Structure formats: C-alpha cells, structure tokens
Enquirer: 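Below is a structure I'd like to ask you about.
Hydrogens, waters and symmetry mates are skipped; everything else that's a heavy atom, side chains included, is used. Here the structure is a predicted model, which is why all the values come from computation and not from measurement. In this chain, numbering begins with 1 at the start of the sequence shown.
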Amino acid sequence: MEPNPSDVVMIEQLLNKYGHLVDARAWHRFDELFTADCVVDYTNVRAPQVFHGIPEVVAYFEVANHPQAHHVANVWVELVGGEHHVHSKFHVAFCGPTHDPKRWYGGDYDDVVVRTAEGWRVSRRRCSERWIWAP
C-alpha cells in the first residue's frame, strides 16, 4: 500500500522545516519537529549517545558543531507495518570561519514519522554518514 500523496507532501515539509530550524538555531521550536518521546540516533555521525526526548536532542544541538546549512533531498516515504518510514539524503556545508577543515559532508536519514494533532513529527531518527569531501 502506498502512502497518501498529501501525507508525503507534509512529511517532506517536515524534513525541510528541520533544516531551516537547525540553521536558524531555533532549538525552542524542536517540538515542531519531534515527538516528546522521540529517539534520535546520531552516533553514526559522532554523537556521544542516542538521545531520548526533545530535551536531550536540544541539549546536544545547543553545543554541536553545526554546518553553515542543512539540505535534504531524495525523500522517499513508504508504509511498513502501518508505520510511515522516511528515507532521505542530506548534505551539509562546513564552510564557516569556525570550520577546520572546510568540507562537504553527506549521508542518510532514516526516520519513522507519526501524525499528531499538531501535524507530522519524527518519532525515530537514525543519521548515517555516507561521504565527505574536503578539498
């Protein structure tokens, strides 16, 4: 069974909003991205642990070395056992004055998203490194 096309559009909007809110350092708006009980695993991109709940995610993001911009592409939504699984690619630019070495970096997001009363939210996310380019 294929996901509803309007759901796919709103899920893609959610992933795009993620990039904009992270780039804006709008940690106070992470409840627009994640469920309260989310599980976020960035250990494959050097995070120290798996994060449980928005407060842990925000605490990590507040001190992380962020790229200049986040981009998400190739969003694919599929229904698996009644859950909406989202696979996407990210690429980010580490080209600001604090970034040494300057580099482009990319990989995969694997998410499970749920529809809430406030809209779609990520309930589980795994981020994995795929490539790096440093001239």
Enquirer: How far apart are the closest heavy atoms of Lys102 and Cys95, and which atoms are they?
Expert: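 In terms of heavy atoms, the two residues are closest at CD-CA, 3.8 Å.
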Enquirer: So does Glu62 pair up with Arg25, basic N to acidic O under 4.0 Å?
Expert: no
Enquirer: Walk me through whether Arg125 and Asp110 qualify under salt bridge (Lys or Arg N to Asp or Glu O under 4.0 Å).
Expert: CA-CA 6 Å; Arg125 166 166 276 189; Asp110 290 296; over 6 Å; no
Enquirer: Got Cys38 and Ile54 here, is their nearest side-chain heavy-atom distance under 4.5 Å?
Expert: yes
Enquirer: For Arg126 versus Asn44, what's the shortest heavy-atom pair and its separation?
Expert: CD-ND2, 4.2 Å
Enquirer: Less than 4.5 Å apart, any side-chain heavy atom of Val112 and any of Val122?
Expert: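 Answer no - side chains too far apart.
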Enquirer: Should the pair Arg124-Asp111 be classified as a salt bridge under the 4.0 Å nitrogen-to-oxygen rule?
Expert: no
Enquirer: Is the shortest side-chain heavy-atom distance between Phe90 and Tyr18 below 4.5 Å?
Expert: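 A side-chain contact under 4.5 Å is absent here.
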Enquirer: Indicate the ring-plane relationship of Phe94 and His99, choosing parallel, tilted or perpendicular according to the 30° and 60° boundaries.
Expert: perpendicular
Enquirer: For side-chain contact (heavy atoms from CB on, under 4.5 Å), just list the numbers for Val86 and Tyr109, CA-CA rounded to whole Å, side-chain angles, deciding distance to a tenth of an Å, and then say yes or no.
Expert: CA-CA 8 Å; Val86 185; Tyr109 290 130; over 6 Å; no
Enquirer: Before we go on, tell me: are the rings of Trp76 and His85 under 6.0 Å apart, centre to centre?
Expert: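 That pair fails the under 6.0 Å test.
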Enquirer: Are the side chains of Phe30 and Val57 in contact, using a 4.5 Å heavy-atom criterion?
Expert: yes
Enquirer: Could you tell me if the side chain of Ser88 sits less than 4.5 Å from the side chain of Val72, heavy atoms only?
Expert: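 They are in side-chain contact.
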Enquirer: What's the shortest heavy-atom distance between Phe61 and His66, and which atoms?
Expert: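 Scanning both residues, the minimum pair turns out to be O-NE2, 2.7 Å.
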Enquirer: Between Trp131 and His91, is the ring pair (Phe, Tyr, Trp, His ring centres under 6.0 Å) condition met? List the steps.
Expert: CA-CA 9 Å; Trp131 58 269; His91 60 278; 7.1 Å; no
Enquirer: Please report the shortest heavy-atom distance between Val114 and Ser123, naming the atom on each side.
Expert: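 Distance-wise, the nearest heavy atoms are CG1-OG, 4.0 Å.
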Enquirer: Using 4.0 Å as the upper bound for N to carboxylate O, is an ion pair formed by Asp108 and Lys89?
Expert: yes
Enquirer: Does the side chain of Glu78 pick up a donor-acceptor pair with the side chain of His87 at under 3.5 Å?
Expert: yes
Enquirer: Return the minimal non-hydrogen interatomic distance between Arg103 and Ala134, and the atom names on each side.
Expert: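 Of all heavy-atom pairs spanning Arg103 and Ala134, the closest is CB-CB, 3.9 Å.
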